[in-house]
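Data first, discussion second: the structure below is written as structure tokens.
Chain naming here is simple, since letters A, B, ... match the order of the sequence lines and numbering starts at 1 in each. Note: hydrogens, waters and symmetry copies are ignored here, and every other heavy atom, side chains too, is used.
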Amino acid sequence: MAISSQTEVTPVRFGVVVFPGSNCDADSHDAVRSFAGADARYLWHKDTDLGGLDCVILPGGFSYGDYLRCGAIARFSPIMNAVQRFADDGGLVIGICNGFQILLEAGMLPGAMHQNEGLKFVCKLVNLRVENNGIPFTTGYERGQVIKVPIAHHEGNYFIDQAGLAEIEANGQVVVRYCDDEGETTEASNPNGSLGNIAGVCNREHNVFGLMPHPERVCEEIVGGTDGRGVFESIINAVGAKAAAR
Amino acid sequence: MSATNQKPAYELLGLKEKEYQGICDAMGREPNYTELAVFSLMWSEHCGYKHSRPLLKNLPTEGERILQGPGENAGIIDIGDNLAIAMKIESHNHPSAIEPFQGAATGIGGIVRDIFAMGARPIANLDPLHFGPLEKSRQKYLLEGVVEGIAAYGNCMGIPTVAGEIHFEDAYEGNCLINVMCVGLVEQDKILRAKAEGPGNLVLLFGSTTGRDGIGGASILASAEFDETAQEKRPTVQVGDPFTEKKLLEACLEMRDKGLLVALQDLGAAGLSSSSSEMASKGGVGIDMDISKVPLREQDMEPFEIMISESQERMLAVVTPELETEALAVCEKWDLDAVIIGKITDTKRMRVFLGDELVADMPVDALVDDAPTYIVEAVRPAHEVDDPLPEDHYRHPTDLNETLTTLLRSPNICDKRWVYEQYDHMVQTNNAIWPGAESAVLRIKGRQSGVALTTDGNGRRCYLDPRRGARAVVAEAARNLSCTGAKPLAVTNCLNFGNPEKGEIYHQFREAVEGMAEACLAFETPVTGGNVSFYNESFGQAVYPNPVVGMMGLVEDVRLVQTPGFKDEGDVVLLLGNARPAADGSEYQLRIHGEVAGRIPDVDLEMEKKLQLLVREAILEGLVKSAHDVSDGGLACCLAESAIDGGHGAVIELASSQASQGAGDQRSGLQADQRPDLLLFGEAPGLIVVTVEEKNLEHFAQLAQDLPAHVIGRVEGDRLVVQAAGVEHINIPVAQAAQAWGTALETLIGDVG
């Protein structure tokens with residue numbers, strides 16, 4: 001096996017999990033590949049080998065048709081045991097939309113999802129306020145920065161019990177919240193009824209992150225914005241920094 | 001026994017005596033019940049195009065970019081660099097009127113299968129919808145159900161719903177029009193077709209199991225009018241499963257990439273009967289099938305039920321024996337039922353076995369090609385008149401600000417956000433223009449060019465004059481594409497009409513098809529396929545004749561595309577075109593004067609072509625900063641929409657002798673001494689409003705040469721001010737217009753959050 005020097009540029013390796021019914025897998029894959037210094041490959045949900053990966057993406061979509069409950073079946077896919085072990089070993093895992101729902105169902109993130117308060121699917125651009133820019137997924141943003149990222153979901157109404165809420169707030173696990181143009185977390189700016197306008201949370205260790213909005217959809221000006229790039233840049237930087245520190 | 005049970009079997013299956021005789025002749029004997037059931041569907045109006053085939057021959061279908069015209073699952077258009085667009089539109093009117101959610105959902109399912117049957121990956125859905133007035137609670141129920149059905153299916157499939165239209169009018173109260181269009185992208189060397197070839201090759205059925213659901217659904221529902229028994233037909237509406245279809249899509253494309261398929265076809269109306277016989281017909285071969293192998297949802301299904309079941313999410317493929325195992329393995333990977341049910345023969349007959357027993361044996365060509373055609377004596381309806389209503393027929397409105405606000409609130413003009421925010425319109429990340437603009441534009445990853453898509457229909461205008469109406473619909477679709485910068489390339493059409501056995505309906509159909517043919521020839525946009533939907537009648541009352549056009553265009557540089565919104569303070573507003581607006585057939589006539597009468601103006605196709613070329617060239621040269629065509633609600637609504645979209649006001653002065661800087665003489669038919677209400681709210685095809693930066697005005701004028709192009713004002717402030725011949729008629733804050741336009745639909749639906 002060749003041993004590469006630390007200074008050599010090794011691309012940061014992303015794996016995008018494909019469950020039956022995933023439909024943002026290609027978008028995530030393409031978004032990652034738009035970054036110099038990053039590479040992506042697909043992982044079939046029956047794979048169990050995550051060897052060589054730096055970050056696993058659980059993409060959006062309707063895994064298993066969202067039958068039973070969003071994410072409830074996908075969490076039993078063979079790959080999820082491997083993803084759990086990967087996270088336990090400190091690997092970075094990000095779940096977007098349906099991927100977030102799967103992480104909740106798998107117990108890898110705290111909380112649960114209700115149907116949207118309006119009981120309808122909602123697809124639109126929303127404002128997010130970055131609450132914690134100290135985790136590997138958000139260092140590319142300023143704390144309190146307002147970014148525009150689209151949502152597209154029917155079940156994105158985040159819920160957690162009072163004790164759980166206090167805990168995630170205290171641990172800096174609330175990463176992004178829905179807000180208005182000025183960064184105020186108003187009721188009107190909450191598109192789905194989420195508790196505390198919470199749009200994304202991470203685990204206690206800060207290496208597993210889930211959010212309902214789709215950063216992969218706003219990585220190019222031509223399709224309406226670039227505010228999502230910060231998420232991928234942050235991951236790439238975090239992996240690079242870790243490698244450099246080794 | 002009731003009297004109906006004593007009718008002969010063929011009559012109960014919807015066939016006429018003469019048609020039955022034709023079947024006997026083709027068979028050389030009397031058909032058994034299974035055979036008769038198969039024939040009855042293949043020879044239904046829906047599958048057999050009995051009243052439309054002779055007239056559809058008038059449509060232009062060929063062109064240098066057309067790789068596949070009508071006759072396949074979808075049309076295919078060459079967009080260069082080995083890429084092609086597959087597209088098709090179809091109706092799901094009757095199923096949706098009975099069961100809106102599943103009716104619309106399975107409509108999406110069917111049209112999407114048509115696209116991936118061609119080997120294309122679906123990249124967009126577009127849904128033109130027509131309902132009765134929202135003041136009626138059933139119409140709200142239909143709207144909500146249809147939109148949710150489209151959302152549930154399309155969103156789950158990961159196909160963005162990027163455009164469409166939505167219209168409310170009395171004529172659709174008993175019979176809504178739910179048209180669905182799907183567009184796919186395919187590498188030219190990976191295009192698949194439904195042509196079965198190679199005797200000895202195997203027939204693979206895969207996807208969902210087959211049940212009694214939807215027996216005779218599409219074919220029966222679409223081949224008769226509605227009456228009081230409509231609700232009894234609910235069980236004939238199928239139930240969709242988008243998750244299975246998503247797997248089916250991925251499995252088909254994986255088989256395509258691995259080169260495993262000789263031919264591919266989806267199971268739609270008339271199920272296995274039509275898919276298998278059409279595949280055999282296209283290849284000039286025969287087909288033997290053992291339907292005891294078909295995976296069933298319920299026990300004890302009769303052979304005819306298996307043959308005509310319209311269970312959703314099923315595909316039929318032809319594979320070589322060598323690749324059978326590999327094809328089955330792909331289906332297994334995607335957890336899909338898959339079974340070899342037969343083989344291709346050289347007999348040109350469709351033979352159906354139940355185990356060893358032969359249960360049907362029919363000549364393929366007779367099934368597919370020999371449905372009789374009918375020509376009906378056309379009768380021009382009395383409401384079609386030769387002359388427009390005189391202008392003094394219309395009373396003068398007192399306050400044109402109020403008129404404008406009323407029109408902006410019309411559900412046919414107002415913001416449709418309530419609808420399209422329920423659709424995932426961004427998945428696949430290709431939207432260069434988001435919904436709500438003239439047309440959708442999708443970039444093509446890895447390339448500079450993009451695809452523009454629109455659907456247009458205007459039943460009211462077609463009702464007053466089906467020929468002019470159809471010409472105008474094609475022109476408007478082309479105009480919508482041109483206003484983004486895209487060159488129109490091809491059309492798919494969905495022809496929604498009443499009962500063609502009636503002379504007046506047949507007249508409307510014939511006139512509309514001929515008008516569409518004229519316009520498609522003029523714009524060089526051949527018709528690549530589509531769908532005819534007859535019998536859109538309820539208790540004898542037909543919908544407005546509504547030929548809906550889906551059109552695609554190509555934009556050379558997707559970074560240059562334009563939207564309707566005013567961009568910057570100080571930009572110059574120009575009006576292109578010389579058509580004279582008229583109230584007849586307009587939204588103004590309907591909403592303000594409460595009638596639909598008179599005669600609509602005809603489109604000047606030659607002038608229209610030149611204007612559209614001008615707009616496209618100016619956009620691609622970077623001269624135009626916004627472009628919006630004058631459509632529903634006339635010039636005033638056009639200006640208001642651009643103001644609302646851009647968040648800028650404008651000051652417009654329509655002078656009686658228009659003088660355009662650099663291109664000044666009297667070439668505009670827009671005369672400010674026309675009655676202000678007709679000038680501002682009347683409609684006429686062939687008018688486009690663009691904005692140009694002051695410094696580019698001269699360059700634009702050079703490009704325009706002697707085409708009618710007139711400076712009419714400037715982007716300025718936060719109010720829309722419109723004067724004509726020195727008199728101010730409209731002066732309204734843009735915010736107020738935006739409020740009226742933006743909240744109308746939610747208010748009507750009563751879903752104010």
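Heavy-atom pairs under 4.5 Å with chain A peak, among B:Gln428, B:Arg417, B:Arg559, at B:Gln428. Between chain A and the options B:Lys445, B:Glu148, B:Met157, B:Lys333, heavy-atom pairs under 4.5 Å are most frequent for B:Lys333. Note: A:Arg217 leads A:Glu221, A:Arg217, A:Glu220 in heavy-atom pairs under 4.5 Å with chain B.
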Practice task
Determine, stepwise, if the pair A:Cys123 / B:Met426 fulfils side-chain contact (heavy atoms from CB on, under 4.5 Å).
Solution key: CA-CA 8 Å; A:Cys123 176; B:Met426 304 174 194; 3.9 Å; yes
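In this structure, A:Glu216 and B:Thr429 approach most closely via the heavy-atom pair O-CG2, 3.9 Å. Between A:Gly21 and B:Lys246 the shortest heavy-atom distance is CA-CG, 4.1 Å. Residues A:Lys120 and B:Trp418 come closest through the heavy atom pair CE-CZ2, 3.5 Å. B:Lys247 and A:Pro20 make their closest contact through CD-CB, 4.1 Å (heavy atoms, listed as atom of the first residue, atom of the second, distance).
A:Glu117 CD: 12 or fewer foreign heavy atoms inside a 6.0 Å radius. Atom CG of B:Asp335 has more than 12 heavy atoms from other residues, nucleotides or ligands within 6.0 Å.
In this structure, the portions of B:Asp424 lying under 4.5 Å from any heavy atom of chain A include both its backbone and its side chain. Of the atoms belonging to A:Asp30, it is side-chain heavy atoms, and not backbone ones, that fall under 4.5 Å from chain B. Heavy atoms closer than 4.5 Å to chain B are found in both the backbone and the side chain of A:Leu125. Proximity to chain A involves both the backbone and the side chain of B:Asn155, based on heavy atoms less than 4.5 angstrom apart.
In this structure, B:Trp334 and A:Trp44 have perpendicular ring planes: the angle between them is above 60°, well past the 30° mark.
Side-chain atoms of A:Tyr67 and B:Asp241 include a donor-acceptor pair closer than 3.5 Å.
In this structure, B:Phe243 and A:Phe62 have side chains that are not in contact, with every pair of non-hydrogen atoms separated by 4.5 Å or more.
Every residue two or more places apart in sequence or in another chain was checked for a ring-ring contact (aromatic ring centres under 6.0 Å, His included) with B:Trp434, and none qualifies.
Between the side chain of A:Asn23 and the main chain of B:Cys156, a donor-acceptor pair closer than 3.5 Å is present.
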